[in-house]
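Working notes, beginning with the structure itself.
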Amino acid sequence: MMKCSYLVSVVFHVAAGCALSADNLTEITRHRGDSVLLPCSCSHLNTKPQKFTWETGRTGHWTEVLNDEHYSGRLQLFNKTSPANLSLLISDLRVEDQGNYRCSTGSQEYRDISLYVNGCELVKKTEVEDVTVFTGESVVLPCVCTDIQDRPQDLKWQFYRNNHAQEIYPKQTEHHRNRVKLVSNNSPGNLSLLISDLTEEDQGDYTCSVQADSRDFRLSVKGRRETSTHWRNTETKPPSEQPQSKTTQSPPASSSTTLQHGKERKM
Ligand SMILES: *[C@@H]1O[C@H](CO)[C@@H](O)[C@H](O)[C@H]1NC(C)=O
Ligand SMILES: *[C@@H]1O[C@H](CO)[C@@H](O)[C@H](O)[C@H]1NC(C)=O
Ligand SMILES: *[C@@H]1O[C@H](CO)[C@@H](O)[C@H](O)[C@H]1NC(C)=O
Ligand SMILES: *[C@@H]1O[C@H](CO)[C@@H](O)[C@H](O)[C@H]1NC(C)=O
């Protein structure tokens, strides 16, 4: 009898032990190579769980984190010094670490965190770059990861004009269809976009984005370039014989820009 009631009280005490604190931080973004602290703790610091686990859904199904070789040498717990602190520190993040993480003290008691690991940090990402081009020509809008071997996720090029945002790469839409492509073949971190056969309609703002990073361009498209090549080529090619140098081409009336400025264009 004595033994039995003792067991009951122990079970009650443990069940009342650790109530996970209501942490509403559910999304964390880091770059490859960074460390991240996935927070999880008992709401009362003098309590501790009977047991707890960290699981991840990064591979498509839930797996244990703490004994997974994938994280070998990169994990740190803090429950030794503070038993109510169940947080997990993952260092030297890899792109493959991205996914959902679950701290649980039982099937009903858990907290989920979405971890995003950005594989690409874009070079020069704050200022808007002005680019001026001429109709009929092509342009390369430069966009590269600081590490050219990085393989970014969620690359997207967008075009903004008159408050209208439109994806143009990888999904090619409207008048950009079949006129845009990435220029680099061997460097996964080179996201530069080639736009060919430029027209007045291509004038506007362009954004290259990978997860949390983005880079902006403002493209001005002018009427045909006044070719000055005849200064070099007078001997062999008089200007009148050059198809590109037609002077009848007057600059279009709408050459004044109607670009949308400011951040409100991104909605
Ligand atoms: C977390 O939730 C509490 C209560 O619902 C709320 O007051 C607080 O603003 C939230 N914090 C964040 C960062 O969302
Ligand atoms: C800390 O948590 C781990 C994982 O649940 C567990 O194996 C370990 O025994 C705990 N350490 C202490 C000191 O409680
Ligand atoms: C848990 O420990 C980590 C590392 O010392 C600390 O940064 C974090 O704030 C602690 N969390 C709580 C709830 O005390
Ligand atoms: C990216 O590719 C373009 C086109 O091949 C090239 O001009 C540019 O130099 C490359 N950028 C880097 C950083 O390698």
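The first residue of the sequence shown is numbered 1, and numbering continues consecutively from there. Ligands are counted one by one from 1 in listed order, and the atoms in each one are counted from 1 as well.
Between F159 and Y206, the ring planes are tilted. Angles from 30° to 60° get that label.
For atom 2 (O) of ligand 2, a protein heavy-atom neighbour is present inside the 4.0 Å cut-off. Within 4.0 Å of atom 14 (O) of ligand 4, at least one protein heavy atom is present. There is a protein heavy atom less than 4.0 angstrom from atom 5 (O) of ligand 2.
When heavy-atom distances to ligand 3 are checked against a 4.0 Å cut-off, L89 has no atom that comes that close, whether in backbone or side chain.
Each of the following atoms of ligand 2 lies closer than 4.0 Å to a heavy atom of L66: 4 (C). Under a 4.0 Å criterion applied to the non-hydrogen atoms of V183, ligand 4 contributes the atoms 3 (C), 4 (C). Atom numbering of ligand 3 starts at 1 in the shown order; those under 4.0 Å from a heavy atom of L37 are 7 (O). Numbered from 1 in the order shown, with element, the atoms of ligand 3 that lie under 4.0 Å from a heavy atom of N85 read 1 (C), 2 (O), 3 (C), 8 (C), 10 (C), 11 (N), 12 (C), 14 (O). Taking every non-hydrogen atom of S41 and a distance limit under 4.0 Å, the qualifying atoms of ligand 3 come out as 13 (C).
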Worked check of ring-ring contact (aromatic ring centres under 6.0 Å, His included) between Y101 and W62: CA-CA 9 Å; Y101 286 76; W62 290 103; 8.5 Å; no

Verdict with reasoning, L193 to L182, per side chain to side chain contact (heavy atoms under 4.5 Å, CB included): CA-CA 5 Å; L193 187 76; L182 296 195; 4.0 Å; yes

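Annotation: atom 11 (N) of ligand 2 to nearest protein heavy atom, N79 ND2, 2.9 Å. The shortest contact between atom 8 (C) of ligand 4 and any protein heavy atom is with N190 ND2, 3.7 Å.
Partner C208 forms a side-chain contact (heavy atoms from CB on, under 4.5 Å) with one of L141, D213, L155 and no other, that one being L155.
Side-chain N/O atoms of T173 and Q166 include a donor and acceptor closer than 3.5 Å. Side-chain atoms of N100 and S114 include a donor-acceptor pair closer than 3.5 Å.
The main-chain N or O of S196 is found under 3.5 Å from a side-chain atom of R179 such that the two form a donor-acceptor pair.
Between L77 and ligand 2, not a single N/O pair is under 3.5 Å apart.
Between D97 and R30, none of the side-chain N atoms (NZ, or NE/NH1/NH2) sits under 4.0 Å from a carboxylate O, so this pair counts as no salt bridge.
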